[in-house]
Amino acid sequence: MDLVEETPYRFRIDRRDPMRVPGVVFATRSLLPDVDADRSLDQVADVATLPGIVTASYAMPDVHWGYGFPIGGVAATDVADGGVVSPGGVGFDISCGVRLLAADLDRAALGPRLDALLDGLGEATPRGMGTGAVWHLADRAELDAVLRGGSRYAVERGFGVPRDLARCEDGGAVDDADPAQVSERAVQRGAGQVGSLGSGNHFLEVQAVAEVYDEPVAAAFGLAAGQVCVMIHCGSRGLGHQICTDHVRAMERVMPGYGIQVPDRQLACAPVSSPEGRAYLGAMAAAANYARANRQLLAHAARQVFRRVTGGELALVYDISHNLAKIETHDVAGAPRRLCVHRKGATRALPPGHDDLPDDLRPVGQPVLIPGSMGTGSYVLTGVTGAPAWASTCHGAGRTQSRKQATKAVRGHDPRQELEAQGIAVRGASRRGLAEEMPAAYKDVTAVVAAAEGAGLCRRVARLVPLGVVKG
DNA sequence: ATGTAC
């Protein structure tokens, strides 16, 4: 892979057939993936072959190897010019994302009640593989209401307050969900999981604001130094996974009929405007709403525990996905175009002044929530004016080791004890789960965020440190 | 990420 260093934060993969556009990797030299162990830069080049792709196939500083598309990949296709949508450009965990809540409480004031808080959160948070959820749905009609209404429906049903919706991407739900495109098997897998954390890198953490880089923006977000926060990182569980599986298969079957050839069958895709493209986008939107409702329900459960243990309240800072495709209007070569923007392990980062921001956030830009690896810090960023890559930035630390490698590396260690020795309390979590999520298996999130800022993708607002973690 | 292989 020939990389041309354009700046210390930006590398180019020159276009060569059958690429339609170049690749652009936002990273520092030390953050670039190890080409012997990780094929993600080849994947950046593969994505550049997709029909209708415009400008470049982008990678964020946390890029690593994924299914078809790299994780940390951003690609936009022109809807009116045969542009495709690819389920691999969203990933299996559709609308996996992060929600941050800020307490009216300082870290020092929480003091010894942290243990009781974590005990309560551990009990109130369904987690791990399989079934178990905050919400037991009445019937398929109620699941369809979740798929159509996302966090809006959860709030209607009393799981939150209307103000929450102003602090959710898309006001808590996208309008174009089509439950008819969600298979019966996906429904069966998802029905018993609405309001559950899952496993892997998903978590609920009690955190504290350790550092504020921009006081006015942090204040607009509702954040101040020392403040206690709760961060929830989860997705669309079995429902999103099944939707991805179903629609990849459907697209594999019809691609030859559209004359589409891709260098990797995991890049299965169909024109956005085709029946198969629209069917996927309708099902994907349903999973996006499901994931938002999921985070809304877990936040509701966390609020009840927080109120009981501390007497305090949790205000929503923001809820944002980092695995999603969206139809957005962007300027391409001086003209506005309707684009299908795939963000897979990449976060939308709207700049100040953007119409889609609520009034109180419009002057400062969109909060971007970056979960660190287990036991390390997390970051709050904001979007910036004139950023490349369709108003997108990184989503997290990014793996450097596979789950298998990480499990092997942890032999002889006791991850739980090591975390607790750092003063980070742990609730739940299998030994295997902890092993797979060791910080040694990830890039340094601080370096990732610094590179994203250096590349002009976003700006740092605050750093959060973990006090305790609930894991699957 | 995921009923860690239909």
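When reading the values below, keep in mind they use all heavy atoms of this one structure, side chains included, and skip hydrogens, waters and symmetry mates. A note on names: the letters A, B, ... follow the listed sequences, proteins ahead of strands, and every chain is numbered from 1. Here the structure is a predicted model, which means the values were calculated and not measured.
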Please test E436(A) against R432(A) for salt bridge (charged side-chain N to carboxylate O under 4.0 Å, His left out), starting from the C-alpha separation and ending with a verdict.
CA-CA 6 Å; E436(A) 290 180 352; R432(A) 166 111 177 263; 3.2 Å; yes

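One atom, CG of D93(A), and another, P of dT4(B), lie 15 Å apart when rounded to the nearest Å. One atom, CZ of R403(A), and another, C1' of dT4(B), lie 9 Å apart when rounded to the nearest Å. In this structure, Y67(A) places its OH atom 14 Å from P of dA5(B), rounding to the nearest Å. Rounded to whole angstrom, the span from the CD atom of Q405(A) across to the C1' atom of dT4(B) amounts to 17 Å. To the nearest angstrom, C1' of dT2(B) lies 17 Å from NE2 of H247(A). Going from atom CZ of R249(A) over to atom P of dA5(B) covers 14 Å, rounded to whole Å. Rounded to whole angstrom, the span from the NE2 atom of H202(A) across to the C1' atom of dT4(B) amounts to 15 Å. At whole-Å resolution of the value, CD in E252(A) and P in dC6(B) are 14 Å apart.
The residue Q193(A) sits close only to the backbone: its heavy atoms come under 4.0 Å of sugar-phosphate atoms, none of a base. At a threshold of 4.0 angstrom between heavy atoms, the contacts of R399(A) with the nucleic acid are absent. Across all strands shown, R189(A) has heavy atoms under 4.0 Å from base atoms, whether or not it also approaches the sugar-phosphate. Heavy atoms of E436(A) sit nowhere under 4.0 angstrom from any nucleic acid atom. Within the 4.0 angstrom heavy-atom criterion, only backbone atoms of the sugar-phosphate kind lie near G200(A); the bases stay farther away.
A salt bridge between K326(A) and D176(A) is absent, with no side-chain N of the basic residue lying under 4.0 Å from a carboxylate O of the acidic one.
Note that CG of D175(A) and CZ of R152(A) are 5.0 Å apart. Values are rounded to the nearest 0.5 Å.
Outside the 6.0 Å centre-distance limit, the rings of Y318(A) and F221(A) are not counted as a close aromatic pair.
Checking dT2(B), dC6(B), dT4(B) against the side-chain heavy atoms of S199(A) singles out dT2(B) as nearest. Taking only side-chain atoms of R432(A), from C-beta outward, the nucleotide of dT4(B), dT2(B), dG3(B) with the closest atom is dT4(B).
Within the structure, every side-chain polar atom (N or O) of R185(A) is placed at least 4.0 Å from both OP1 and OP2 of dC6(B).
Scanning both residues, V317(A) and A102(A), for their nearest heavy atoms gives CG2-CB, 3.8 Å.
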